[in-house]
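Have a look at the structure below before the remarks.
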Protein chains: 2
Amino acid sequence: MAAQPKQQTATASHRTPPVHTDPDEVSLETALLALADPVRQSLVRELAGAGDWERACGSFDVPVTKATLSRHFAVLREAGLLEQRDAGPKRLNRLRRAEFDARFPGLLDLVLRQDTTA
Amino acid sequence: MAAQPKQQTATASHRTPPVHTDPDEVSLETALLALADPVRQSLVRELAGAGDWERACGSFDVPVTKATLSRHFAVLREAGLLEQRDAGPKRLNRLRRAEFDARFPGLLDLVLRQDTTA
DNA sequence: CGGAGTGTACGCAGATCATCGAACACTCGG
DNA sequence: CCGAGTGTTCGATGATCTGCGTACACTCCG
């Protein structure tokens, strides 16, 4: 965290800057719907296993194409589940764990506990 | 449990007896999907406000027809969220609160807290 | 400046879901 | 035994969602 010469600005690589939604403005229905999808569950779990801003969008191991993956990230963003920041051509992610947990206590934990069993 | 002259048997009024699914056999995805629907959220909340076996299927205040309502109850049943018992021509309901909460801690509370705000 | 790498936007196909009306099944009371 | 009350099943419809390929935008490196 020393003085770095503007490594990542606000809007960087893509047509549109990431649009974030605060967890406080998210309905329970939206949150449940976002977390119900298996692919998005994987994303959230992998994200939780890594540190903030450590993973770029393309670095996740899910069986979908880039286009679909991008859509899933948009859904998670709109559900207040993650924050994104552009760093060069990459888009880094952060799980909004504390904020989301404050809005929907216990919900994220359910997904992270991997209870996808039966 | 005194000797009652068969007030309610297993299969009673309808073509098929109610098919129940244990919460333990329910996937997180199924649970989230079941609770994501606004109509089903209403049903669960109304059910939580009443005692066990107090409410028949037709006694709920939701803006759908009987056919749709019946389907919603089936979904909730398959998600391990409620138990049904036939009593005469009526089908009484019970929220499987403890069982479901043991399987998905905190999930039901989120819905019951009426956090449907924004 | 051109090419590789990264991510988004735009349709389009397929599946799933909520909804309804109508027909059916069952129980109970007269 | 018939009619009112209750709930399910069936088939159809419209909306929504996931998935894809393709085209595009932007950054960085040589």
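In this text the structure is predicted, and so the values were computed from the model without any measurement. We name chains A, B, ... by the order of the sequence lines, and we start the count at 1 in each one.
- Between B:L33 atom CG and C:dC17 atom P the separation is 7 Å, expressed in whole Å.
- Between the side chain of B:E29 and the main chain of A:P38, no donor-acceptor pair closer than 3.5 Å is present.
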Problem set entry | Residues B:V111, B:R45; criterion side-chain contact (heavy atoms from CB on, under 4.5 Å); working and verdict | CA-CA 7 Å; B:V111 177; B:R45 292 201 190 97; 4.3 Å; yes
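- Helix-axis bend for the helix from C:dC1-D:dG30 to C:dG30-D:dC1: the local axis fitted to the five terminal pairs at one end deviates from that at the other end by 10°, rounded to 10°.
- Between A:N93 atom CG and C:dT6 atom P the separation is 14 Å, expressed in whole Å.
- Here the side chain of A:N93 pairs a donor or acceptor atom with the backbone of A:R55 at under 3.5 angstrom.
- Per the geometry, CG belonging to A:L76 stands 12 Å off P belonging to C:dT8, to the nearest Å.
- In the set C:dG7, D:dG5, D:dT8, the nucleotide with an atom closest to the side chain of A:A56 is C:dG7.
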Exercise. Could you go step by step and tell me if B:E78 and B:T30 meet the side-chain contact (heavy atoms from CB on, under 4.5 Å) rule?
Worked result: CA-CA 8 Å; B:E78 286 159 26; B:T30 299; 5.8 Å; no
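- At whole-Å resolution of the value, CZ in B:R85 and C1' in D:dG7 are 17 Å apart.
- Between A:R91 and D:dT27 there is no side-chain polar atom (N or O) within less than 4.0 angstrom of OP1 or OP2.
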Show every donor-acceptor pair shorter than 3.5 Å between a side-chain atom in residues 64-76 of chain A and any protein atom, with sequence neighbours excluded, or say none if there are none.
unit_1, atom_1, unit_2, atom_2, d
A:T65, OG1, A:T68, OG1, 3.4
A:H72, ND1, A:R40, NH1, 3.1

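- One can place CD of A:E78 at 15 Å from C1' of D:dT18, the figure rounded to the nearest angstrom.
- For the residue pair B:H20 and B:Q84, the shortest heavy atom distance occurs at NE2-N, 2.7 Å.
- Here C:dA9 presents its P atom at 8 Å from CZ of A:R77, a figure rounded to the nearest Å.
- Computed from coordinates, the A:Q84 CD to C:dT6 P distance equals 16 Å when rounded to whole Å.
- Judged by distance alone, with hydrogens and angles left aside, the side-chain atoms of A:R103 form a donor-acceptor pair with the main-chain N or O of A:V26 at under 3.5 Å.
- Contacts between residues 60-75 of chain B and DNA chain D, counted as heavy-atom distances below 4.0 Å, involve B:K66, B:A67, B:S70.
- Spacing between atom CD of B:E29 and atom P of D:dC17 amounts to 15 Å, rounded to whole angstrom units.
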For this session: List the steps and the verdict of side-chain contact (heavy atoms from CB on, under 4.5 Å) for A:F100 and A:L82.
Result: CA-CA 9 Å; A:F100 191 85; A:L82 59 84; over 6 Å; no
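- Across all non-hydrogen atoms, the minimal contact from B:A36 to B:Q41 is O-NE2, 3.7 Å.
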